[in-house]
Participant: 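One structure follows; several queries about it will come next.
Each chain gets a letter, A, B and so on, in the order its sequence line appears, and its residues count up from 1. Only heavy atoms go into these numbers, but all of them, side chains included; no hydrogens, no water, no symmetry mates.
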Protein chains: 2
Amino acid sequence: MNSSKKYTPTESELEILQILWNKGEATVRDVHDELEKVKDTGYTTTLKMMQIMTEKGVVERDTTTRTHVYKPLFSRELAQKNFLKKMLNGLFKGSETRLAMGALDQKKPSEQEIKEIKDFLKQFEEQ
Amino acid sequence: MNSSKKYTPTESELEILQILWNKGEATVRDVHDELEKVKDTGYTTTLKMMQIMTEKGVVERDTTTRTHVYKPLFSRELAQKNFLKKMLNGLFKGSETRLAMGALDQKKPSEQEIKEIKDFLKQFEEQ
DNA sequence: CTTGCATTACGAAATATTTCGTATTACTTT
DNA sequence: AAAGTAATACGAAATATTTCGTAATGCAAG
C-alpha cells in the first residue's frame, strides 16, 4: 500500500494558478478581474481562495505594501508533470517496473517505457 | 462571461477511471482490489463511488448479472484533452483568438497557435 | 480630520466529495 | 432449507472545497 499524498491543486486553485503563472505575480484584484471574465463569483471569494493557497504554501505573498502581491510557488510545469504522471500511472498496469507506484520519481524509465510514453503523447501532436 | 461547465472527474473518480480504462470493464470487486494496492478505503466506498459515477453518466453498468459490470463512458483521451485544454486556456492569455473561451471546441487553432501548443508539449518529449 | 473607498481578515454557511455502517438480496455450501 | 458469503442499496456522517457576508483597517480625497 501507498499513502504518499502529493498536492494537486483543486479546480479553483488551478484557475487562479493559471492567472498567476501568466502574470508572474498579481494582486487579488488582478486575479479577480481576470477570473470574472470566466467565472462569476465575488471578490472576497477570490481573496479567501488565495489566502488559503497561501496557507497551503501553493503561493506566497508580499505583505509589505498594503495591497498584497501574490506569486505562485507551484509551477505550471509541476502541475503538468503531476497530471501526466497520474495518467501514466494508469498506463503501466501490468508492467513489472510499475510506474504506478511512483517509480517515476525514483528511477529512470526504461527505453521501452519511454517509447510508450512518447506514443501516448503523440495524439496531442497530430494536427 | 462563460458558465459552460464541462465535467471533470474528481480525484477519486479519476483513480477509478484509470482502472476501468485499463481493464476495459470491471466489477466493483475488480476495481476495489486494484485500488486497495494504492489506497486504503473500504469496499462500500468504492461501490458507492461507482454508483455515483453511474448516476453522473461517467460510467455505465450491466446489471443483468448479479455482479454488475462497469464500463467507462468518459474516455482517457477526453480526460487528457480536457486537462490539456485547461492548461492551454491559461496559456493564451492575451491572444485575441482566446482559446480561453473554449475556442478549441469550435474553431480550428491557427498556425501560430498550433506552434505554441507544440512548443508547450515539447517538454514532455525531451528525454 | 472625516468621509468614502478599496483592501484584508475571518467565521461560517453552502456545496461537493469521500467515506462507511447497516440493511437487504442473491447465490453457494452444507 | 439453513447458514454463510458476497454482492448491491442507501442514508448519512466526515471531510474538503467553495462561497460570501460582515467587520476591521489603511489610504486618499475632500
Participant: Is B:Thr44 touching bases, backbone alone, or none of the nucleic acid, heavy atoms closer than 4.0 Å?
Facilitator: base
Participant: Applying side chain to side chain donor-acceptor pair (under 3.5 Å), name anything that partners A:Thr64, two or more places apart in sequence or on another chain.
Facilitator: A:Asp62
Participant: Does anything in residues 45-54 of chain A reach DNA chain C, meaning a heavy atom under 4.0 Å, and if so which residues?
Facilitator: A:Leu47, A:Lys48, A:Gln51
Participant: Quick one: salt bridge (charged side-chain N to carboxylate O under 4.0 Å, His left out) partners of B:Glu60, sequence neighbours excluded?
Facilitator: none
Participant: List for me each residue that meets side chain to side chain donor-acceptor pair (under 3.5 Å) alongside B:Thr27, sequence neighbours excluded, and say none if there are none.
Facilitator: B:Asp30
Participant: With side chains defined as the heavy atoms from C-beta onward, is the minimum distance between A:Met53 and A:Leu17 less than 4.5 Å?
Facilitator: yes
Participant: Kindly state which residues belonging to residues 55-66 of chain B come within less than 4.0 angstrom of DNA chain D, counting heavy atoms of the residue only, listed by number.
Facilitator: B:Arg61, B:Arg66
Participant: Could I get the full list of salt bridge (charged side-chain N to carboxylate O under 4.0 Å, His left out) partners for A:Arg29, not counting sequence neighbours?
Facilitator: A:Asp33
Participant: Once side chain to side chain donor-acceptor pair (under 3.5 Å) is applied, do any residues pair with A:Ser12, and if so which ones, sequence neighbours excluded?
Facilitator: A:Lys39
Participant: Any side-chain N or O of A:Tyr43 below 4.0 angstrom from OP1/OP2 of C:dT8?
Facilitator: yes
Participant: With sequence neighbours excluded, what pairs up with B:Lys56 under the side chain to side chain donor-acceptor pair (under 3.5 Å) test?
Facilitator: B:Glu13
Participant: At the 4.0 Å heavy-atom cut-off to chain B, mark where contacts on DNA chain D begin and end, going 5' to 3'.
Facilitator: D:dA6 to D:dA12
Participant: Sorted by first residue and then second, give each ring-ring contact (aromatic ring centres under 6.0 Å, His included) pair with at least one member in residues 18-60 of chain B; sequence neighbours left out.
Facilitator: B:His32-B:Tyr43
Participant: Who passes side-chain contact (heavy atoms from CB on, under 4.5 Å) against A:Ser75, sequence neighbours left out?
Facilitator: A:Glu77, A:Leu78
Participant: Quick check: on DNA chain D, is the nucleotide nearest B:Tyr70 upstream (toward 5') of the one nearest A:Gly42, or the reverse? Name the residue that is more 5'.
Facilitator: B:Tyr70
Participant: Sequence neighbours excluded, which residues qualify as ring pair (Phe, Tyr, Trp, His ring centres under 6.0 Å) partners of A:His68?
Facilitator: none
